*Asks:* 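Let me give you the structure first, and then I'll get to my questions.
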Amino acid sequence: MPSNPHSAPPQLALDNVSASYVEGGETLLALTGISFEIAGGEFVALIGPSGSGKSTLLDIVSGLFPETGGTVRIGGTPQPVEDRLGRSAYMRQRDLLLPWRTALGNAALALEVHGVPKREAMIRAAERFPAFGLAGFENAWPGQLSGGMRQRVAFLRTMLADRPLLLLDEPFGALDALNRVAMQAWLLELWEAERHSVLLVTHDIDEAIFLADRVIVLSSRPGAIVHVETVALDRPRRRSVLASDAFFRHRSRLADALGILDDSMAIAGGVR
Ligand SMILES: Nc1ncnc2c1ncn2[C@@H]1O[C@H](COP(=O)(O)OP(=O)(O)O)[C@@H](O)[C@H]1O
Ligand SMILES: [Mg+2]
């Protein structure tokens with residue numbers, strides 16, 4: 001594991017983690033031999049083909065799904081899966097907003113589950129609505145919101161949980177290109193200010209490089225780490241970095257690791 005500039009004990013450490021699903025009596029190996037660490041304040045992106053176990057990995061770290069082997073440690077000593085619940089803020093791939101709660105009610109939930117009284121939770125959540133581009137939509141029902149807006153509500157809810165470890169599963173997947181770029185810049189700003197440790201799943205190579213300190217590449221199923229790219233781009237990052245030679249080199253190494261032709265990315269828009 002390459003050392004990184006943010007010393008201190010790792011916020012997250014995985015050691016030889018594997019995972020499998022049992023379906024119809026058959027065992028399907030989803031992840032194998034996964035070992036890496038994320039330091040306090042470090043931003044790591046996870047990229048890999050569809051079905052490579054990215055969401056499974058986040059489910060394991062968050063405590064929603066048990067690993068089959070290996071150890072997972074958030075902060076101190078290795079925890080059994082149930083002890084990891086609530087230690088991270090997790091935005092799942094599907095937004096999972098409660099249809100019977102308004103946008104504001106859904107966002108406030110992050111605080112309510114941590115014991116903040118409902119009234120106060122609503123007030124604190126409402127304060128963040130404008131910054132998330134959601135002003136005026138506080139009382140909208142999830143069914144009335146666009147996919148992009150639902151994703152921003154889910155993102156706001158995740159940020160309100162305010163854990164030192166953030167798990168984001170394709171948080172901008174439902175956004176159009178312009179909104180996506182705006183949200184990336186804004187996530188970086190937020191991260192620069194608050195320095196959470198982040199593990200972000202994306203299918204977008206450029207997004208991974210633009211945001212992360214390191215990009216971990218998974219193979220197709222069973223997901224194993226095939227490459228770790230340390231991103232040597234100065235921070236704070238500006239959009240113009242996407243046109244730099246250094247960015248291009250990162251991109252072509254990652255495309256190689258993913259086994260895709262560089263040219264095909266423009267057409268396919270990344271990998272899923
Ligand atoms: N609940 C489940 N039961 C059985 N197999 C599953 C389940 N969830 C995921 N899988 C399988 O595990 C593999 C990894 O899935 P997933 O973690 O969702 O991959 P990714 O997020 O990288 O697309 C896939 O082959 C998927 O079909
Ligand atoms: Mg997934």
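Ligands are counted one by one from 1 in listed order, and the atoms in each one are counted from 1 as well. Just so it is clear, the structure is predicted and the values come from calculations on it, not from any experiment.
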*Asks:* Relative to ligand 1, is Arg221 under 4.0 angstrom through side chain, backbone, both or neither, heavy atoms considered?
*Replies:*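 Side chain only.
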*Asks:* Enumerate the atoms of ligand 1 whose separation from the nearest heavy atom of Glu23 is less than 4.0 angstrom.
*Replies:*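 Under 4.0 Å from Glu23, ligand 1 has these atoms: 3 (N), 4 (C).
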*Asks:* Heavy atoms only: give me the nearest Ser62-Asp59 pair and the separation to one decimal.
*Replies:*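 Taking Ser62 first and Asp59 second, the nearest heavy atoms are OG-O, 3.0 Å.
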*Asks:* I need the atoms of ligand 1 closer than 4.0 Å to a non-hydrogen atom of Thr56, numbered in the order shown.
*Replies:*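 In order of number, 14 (C), 15 (O), 16 (P), 17 (O).
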*Asks:* Can Ser52 be said to touch ligand 1, with heavy atoms closer than 4.0 Å?
*Replies:*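 The answer is yes, since Ser52 has a heavy atom less than 4.0 Å from ligand 1.
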*Asks:* Less than 4.0 angstrom from a charged side-chain N to a carboxylate O is my criterion; do Arg237 and Glu189 meet it?
*Replies:*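 Looking at Arg237 and Glu189, the cut-off is not met.
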*Asks:* So is Pro49 touching ligand 1 or not, going by heavy atoms under 4.0 Å?
*Replies:*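 Yes; Pro49 lies near enough to ligand 1 that a heavy-atom distance drops under 4.0 Å.
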*Asks:* Using every non-hydrogen atom in the two residues, find where Ala13 and Glu37 come nearest and quote the distance to one decimal.
*Replies:*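 Looking at all heavy atoms of both residues, the closest pair is CB-CG, 4.0 Å.
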*Asks:* Do the numbers put Arg152 on top of the ring of Phe137, so that NZ or CZ is under 6.0 Å from the six-membered ring centre and no more than 45° off the axis?
*Replies:*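 So Arg152 doesn't make the cation-pi contact.
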*Asks:* Does OH belonging to Tyr90 count more than 12 external heavy atoms closer than 6.0 Å?
*Replies:*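 Yes - once you tally the heavy atoms of other residues, nucleotides and ligands closer than 6.0 Å, there are more than 12.
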*Asks:* Below 6.0 angstrom between ring centroids: does that apply to Phe247 and Phe210?
*Replies:*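 Between Phe210 and Phe247, which both carry aromatic rings, the centre distance is not below 6.0 Å.
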*Asks:* Using heavy-atom distances only, which candidate in Gly51, Ser50, Gly53, Ala19 approaches atom 13 (C) of ligand 1 most closely?
*Replies:*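 Comparing heavy atoms across Gly51, Ser50, Gly53, Ala19, the nearest one to atom 13 (C) of ligand 1 lies in Gly51.
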*Asks:* At the Mg ion (ligand 2), what angle lies between atom OG of Ser55 and atom OE1 of Gln93, rounded to 10 degrees?
*Replies:*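 Between OG of Ser55 and OE1 of Gln93, at the Mg ion (ligand 2), the angle is about 80°.
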